Q: 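Submitted below is the structure of interest, expressed as structure tokens.
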4 protein chains.
Amino acid sequence: MPKLKPATQFARREHILDAAEQCIAREGFHRTTMHDICRAAGVSAGALYVYFASKEDLIAGICERDRAKLAGELTQLADAPDLVSALGKLAQHYAVDQPVYKRLIVLEMGIESTRNPAIASIFRSVDQFVIESFAKLFERARQQGRIAPHLDTQTLARVVATIGDGMFWRRAIDPTHNPQSLVTVLLGVISTLLNPTQPLHHPAPVGTPMKALT
Amino acid sequence: MPKLKPATQFARREHILDAAEQCIAREGFHRTTMHDICRAAGVSAGALYVYFASKEDLIAGICERDRAKLAGELTQLADAPDLVSALGKLAQHYAVDQPVYKRLIVLEMGIESTRNPAIASIFRSVDQFVIESFAKLFERARQQGRIAPHLDTQTLARVVATIGDGMFWRRAIDPTHNPQSLVTVLLGVISTLLNPTQPLHHPAPVGTPMKALT
Amino acid sequence: MPKLKPATQFARREHILDAAEQCIAREGFHRTTMHDICRAAGVSAGALYVYFASKEDLIAGICERDRAKLAGELTQLADAPDLVSALGKLAQHYAVDQPVYKRLIVLEMGIESTRNPAIASIFRSVDQFVIESFAKLFERARQQGRIAPHLDTQTLARVVATIGDGMFWRRAIDPTHNPQSLVTVLLGVISTLLNPTQPLHHPAPVGTPMKALT
Amino acid sequence: MPKLKPATQFARREHILDAAEQCIAREGFHRTTMHDICRAAGVSAGALYVYFASKEDLIAGICERDRAKLAGELTQLADAPDLVSALGKLAQHYAVDQPVYKRLIVLEMGIESTRNPAIASIFRSVDQFVIESFAKLFERARQQGRIAPHLDTQTLARVVATIGDGMFWRRAIDPTHNPQSLVTVLLGVISTLLNPTQPLHHPAPVGTPMKALT
DNA sequence: TATGAATGAGGATTCATTCAT
DNA sequence: TATGAATGAATCCTCATTCAT
């Protein structure tokens with residue numbers, strides 16, 4: 001048989017990853033069976049193994065794709081003129097707009113990263129990249145006099161990342177959670193950390209969907 | 001053997017739960033086999049099933065015990081004279097001193113709560129109890145003039161819980177994480193939220209082990 | 001401890017056998033667990049094993065008791081003045097009055113006898129005894145001129161036994177079955193086989209409970 | 001493998017059913033393990049579960065196949081010109097020629113039907129069909145003047161079925177049993193019941209193998 | 001004797017992966 | 001490439017039996 005066009009191959013792989021994400025959000029990595037994924041993707045077991053060497057590999061594929069997307073979006077953040085509003089858009093996207101099932105996948109990934117070296121490598125490198133990006137962002141802003149934090153920018157980055165983690169966790173795990181109001185408050189907190197002289201709790205308005213990141 | 005003394009039965013149950021926690025922290029709920037747990041507890045399969053009706057039941061037992069302990073500790077918090085230092089001790093315990101494997105169990109629980117109604121019931125009721133406790137605590141402190149937050153105490157409670165979630169997540173997931181410094185900063189943030197007029201970043205010193213809660 | 005009085009021992013054994021019969025009628029030999037029987041008898045596992053060395057032994061005990069009773073009742077039959085009415089009482093007892101669960105036990109026994117040598121020995125010896133008893137009964141009646149069958153009495157005995165088997169089977173297996181009417185007809189059939197000259201289908205009336213056999 | 005041809009699938013299913021029947025005749029439904037059946041069929045556990053969803057399902061499959069065959073053969077009986085000889089062929093097949101293990105399966109089925117609703121439904125519907133078929137057969141023969149029974153045809157049908165049950169039971173359970181002679185006698189009995197005026201015990205000769213039904 | 005907790009081999013079933021077609 | 005039947009080790013759980021108390 002003639003080799004499939006790379007574009008078709010890529011599309012099929014993506015399709016399988018999409019189906020797998022749905023299954024995994026519903027059941028978790030380890031209760032999702034390859035057969036579940038085959039059914040969800042409308043693909044035979046044999047076909048699935050053309051695109052992924054193993055279940056491990058498929059899970060890694062999901063993580064890689066998700067984290068690459070996050071990393072890409074962070075890169076765009078570097079050019080943002082208004083730091084706080086850029087962070088607001090990011091928060092809006094990841095802690096409000098994005099469907100819960102995408103958040104659940106990230107939790108699965110995080111936990112898996114404590115056990116699975118392949119996932120750990122993907123997950124941690126992106127996590128460090130995120131923090132480094134924040135740190136650079138903050139450092140540049142500080143040098144340009146746009147922010148004047150009391151904390152060093154490394155710590156600041158870690159604080160912001162941790163607050164983000166909290167929002168993501170709660171978004172995924174708490175069905176009674178109202179993300180919007182919380183995001184507003186926490187963005188205010190971050191804003192104050194960046195510029196302690198500014199009055200507390202008058203955060204830049206958020207809520208504009210982050211088109212570019214969807 | 002005649003009927004075991006309730007104390008012995010309880011101790012044996014606890015022993016199994018301890019062993020199961022170790023396994024689950026290492027492998028997760030679904031990759032941990034009953035056989036693993038038997039081996040870790042030094043107990044036969046049959047004996048294990050004397051104390052737990054099923055794997056589900058054992059998992060629920062772990063969650064219940066863990067959450068009951070948390071709820072108990074929160075109850076003690078109500079009598080704390082100094083709110084911020086009490087929160088500091090709590091944070092110190094859960095985000096710094098407690099071994100990482102205990103934190104991983106909580107992550108497992110949270111994720112499981114999105115899929116397993118029995119776990120959901122345990123997890124969410126305690127989660128709500130935590131937030132309610134915070135809210136009451138803050139409300140009382142506010143009425144006594146010990147704090148003067150801009151936010152309503154309900155929102156404040158949810159913000160504090162979310163920041164806590166972030167610390168717990170990072171403690172569990174990030175091996176490069178230095179919890180102590182982060183806790184100090186975030187406690188400062190909370191302190192400022194409670195009393196916006198106070199200067200930022202001079203939080204009450206933390207680091208004293210939380211004896212009463214261990 | 002002082003040895004239990006033999007009467008008490010016997011009573012306890014009987015009690016366990018009764019409980020076991022109930023369980024086995026409900027679930028069959030192999031789906032009945034020793035634990036089921038313990039619960040039904042209100043006896044601990046250890047106690048049960050005082051009276052029966054194994055599950056095999058308990059099953060054999062049930063069979064032995066049941067078959068001994070049957071053999072005993074057949075022995076009484078030997079003295080019956082009216083052959084047909086005596087057979088009628090027997091049929092009435094075993095194919096009409098006796099509770100279905102007792103019949104089910106006999107089916108279990110029969111099947112078990114095809115696989116389990118211990119049961120086979122018990123079951124077959126009594127089965128042969130039954131047929132031999134019938135044969136002798138018939139032979140004596142024939143010699144006394146009370147019956148005048150065309151068939152030899154050995155064959156006659158086997159025919160009667162087989163017809164009995166059919167009634168017992170149907171009684172146990174068919175919930176829509178009306179045993180009374182069938183017994184009447186089949187007793188007529190047997191009556192005719194014994195005395196072909198007598199008019200067909202005016203069997204001796206049956207229906208009187210067989211007190212002595214209960 | 002691409003999708004197996006339905007014929008192949010059917011054949012493989014039949015093969016498993018055959019193997020399972022052998023095992024079950026030897027050990028009974030509940031002492032036969034799926035592994036036994038796999039070994040007997042030369043098939044892996046996974047393969048077996050392609051064809052049967054569970055042990056229950058496999059047992060139901062055995063019952064269904066067996067009972068469907070019986071029902072089919074009864075249907076053919078409807079066209080028989082000579083009623084007694086047709087019944088003779090049936091008896092010959094089921095109570096003489098058919099291997100004992102097939103008979104044991106039916107006993108297993110019957111007992112299982114008292115506990116397992118799925119089996120009960122299969123077993124009882126065919127049992128009723130058998131009796132109804134007999135009743136119709138007898139009723140037609142009576143209307144055509146070919147028989148002149150004293151009993152109503154419904155009762156007659158139940159009597160004949162019960163006598164059949166007796167023969168089947170004995171064939172399965174009694175290794176000393178000589179089915180041929182008994183069948184001859186009992187067929188004579190039935191013949192007399194159908195036509196009480198005819199002389200007793202000169203039944204139509206039986207013994208010709210029932211080609212069409214094998 | 002009696003208790004019932006404990007043992008551990010064994011049973012039904014699942015599922016990642018392979019491979020003949 | 002794609003199919004899906006087949007493999008078989010691994011999983012959860014049961015249960016006849018034992019034995020320390």
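Letters go in sequence order (proteins before strands), and every chain restarts at 1. In this text the structure is predicted, and so the values were computed from the model without any measurement.
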Q: Quickly work out the R31(D) CZ to dA12(E) P distance and round it to whole Å.
A: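 It is 13 Å, rounded to the nearest whole Å.
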
Q: Are any non-hydrogen side-chain atoms of F52(C) and L17(C) less than 4.5 angstrom apart?
A: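 Yes, their side chains come closer than 4.5 Å.
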
Q: L4(D) has an atom CG; how far is it from atom C1' of dA2(F), in whole Å?
A: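 Answer to the nearest Å: 16 Å.
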
Q: K55(D) has an atom NZ; how far is it from atom C1' of dT14(E), in whole Å?
A: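 Result: 17 Å.
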
Q: Within the structure, does a side-chain N or O atom of Y51(A) lie under 4.0 Å from either OP1 or OP2 of dA2(F)?
A: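 It does, given that an N or O in the side chain of Y51(A) lies less than 4.0 Å from OP1 or OP2 of dA2(F).
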
Q: Rounded to whole angstroms, how far apart are CZ on F52(C) and C1' on dA16(F)?
A: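 Distance check: F52(C) CZ to dA16(F) C1' gives 15 Å.
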
Q: Taking only side-chain N and O atoms of Q9(B), does any of them lie within less than 4.0 angstrom of OP1 or OP2 on dG4(E)?
A: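 Result: no.
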
Q: Name the one of L58(C), V126(C), I119(C) that satisfies side-chain contact (heavy atoms from CB on, under 4.5 Å) with C63(C)?
A: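 Checked L58(C), V126(C), I119(C) against C63(C); only one passes side-chain contact (heavy atoms from CB on, under 4.5 Å): I119(C).
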
Q: What is the distance, to the nearest angstrom, from the NZ atom on K3(D) to the C1' atom on dT21(E)?
A: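 Whole-Å distance recorded here is 15 Å.
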
Q: Distance between the C1' atoms of dT21(F) and dT1(E), in whole angstroms?
A: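 Per the computed distance, 13 Å lies between those C1' atoms.
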
Q: Need one value for S44(B): base, sugar-phosphate or nothing, where a base atom within 4.0 Å counts as base even if backbone is also close, heavy atoms only.
A: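 Touches a base.
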
Q: What's the OH-P distance between Y49(B) and dG4(E), to the nearest Å?
A: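 Result: 23 Å.
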
Q: Is there a side-chain contact between Y49(A) and M34(A), using heavy atoms and a 4.5 Å cut-off?
A: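 Counting from C-beta outward, Y49(A) and M34(A) do come under 4.5 Å.
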
Q: How about N116(D) and E56(D): do any of their side-chain heavy atoms sit closer than 4.5 Å?
A: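 Heavy-atom side-chain distance check passes, below 4.5 Å.
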
Q: In terms of the nearest nucleotide of DNA chain F, which residue is placed more toward the 5' end: V50(A) or A45(D)?
A: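 It is V50(A) whose nearest nucleotide is closer to the 5' end.
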
Q: Is it the case that the side chains of H30(A) and E112(A) hold a donor-acceptor pair, with the cut-off being a distance below 3.5 Å and no angle test?
A: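 Judged by distance alone, the side chains do pair up.
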
Q: Could you tell me the separation between the NE2 atom of H35(B) and the C1' atom of dA9(E), rounded to a whole number of Å?
A: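 Going from H35(B) (NE2) to dA9(E) (C1'), I get 12 Å.
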
Q: On DNA chain E, check which nucleotide each of V43(B) and S54(D) is closest to and give me the residue with the more 5' one.
A: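 The residue mapped nearer the 5' terminus is V43(B).
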
Q: Would you mind reading off the distance between D36(C) atom CG and dC15(F) atom C1', rounded to a whole angstrom?
A: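 Taking CG of D36(C) and C1' of dC15(F), I get 10 Å after rounding.
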
Q: Nearest nucleotide by nearest heavy atom, which residue falls closer to the 5' end of DNA chain F, M34(B) or H30(C)?
A: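 In this pair, the answer is M34(B).
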
Q: Ignoring hydrogens and geometry beyond distance, is a side-chain donor-acceptor pair present between S54(A) and D57(A) at under 3.5 Å?
A: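 No, no side-chain donor-acceptor contact under 3.5 Å.
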
Q: Starting at the 5' end of DNA chain E, write a dot or bracket for each base, bracketing those in Watson-Crick or G-U wobble pairs whose two distances are under 3.5 Å and using | for partners on another strand.
A: .||||||||||||||||||||

Q: What nucleic acid atoms does T8(A) come within less than 4.0 Å of, heavy atoms only: base, sugar-phosphate, or nothing?
A: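 No contact.
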
Q: Could you check A53(A) against A47(B) and say which one's nearest nucleotide on DNA chain E is further toward the 5' end?
A: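 Going by which nucleotide is closer to the 5' end, it is A47(B).
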
Q: Under 3.5 Å, is there a donor-acceptor pair between the side chain of K55(A) and the main chain of F29(A)?
A: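 Yes, because the side chain of K55(A) sits within donor-acceptor range (under 3.5 Å) of the backbone of F29(A).
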
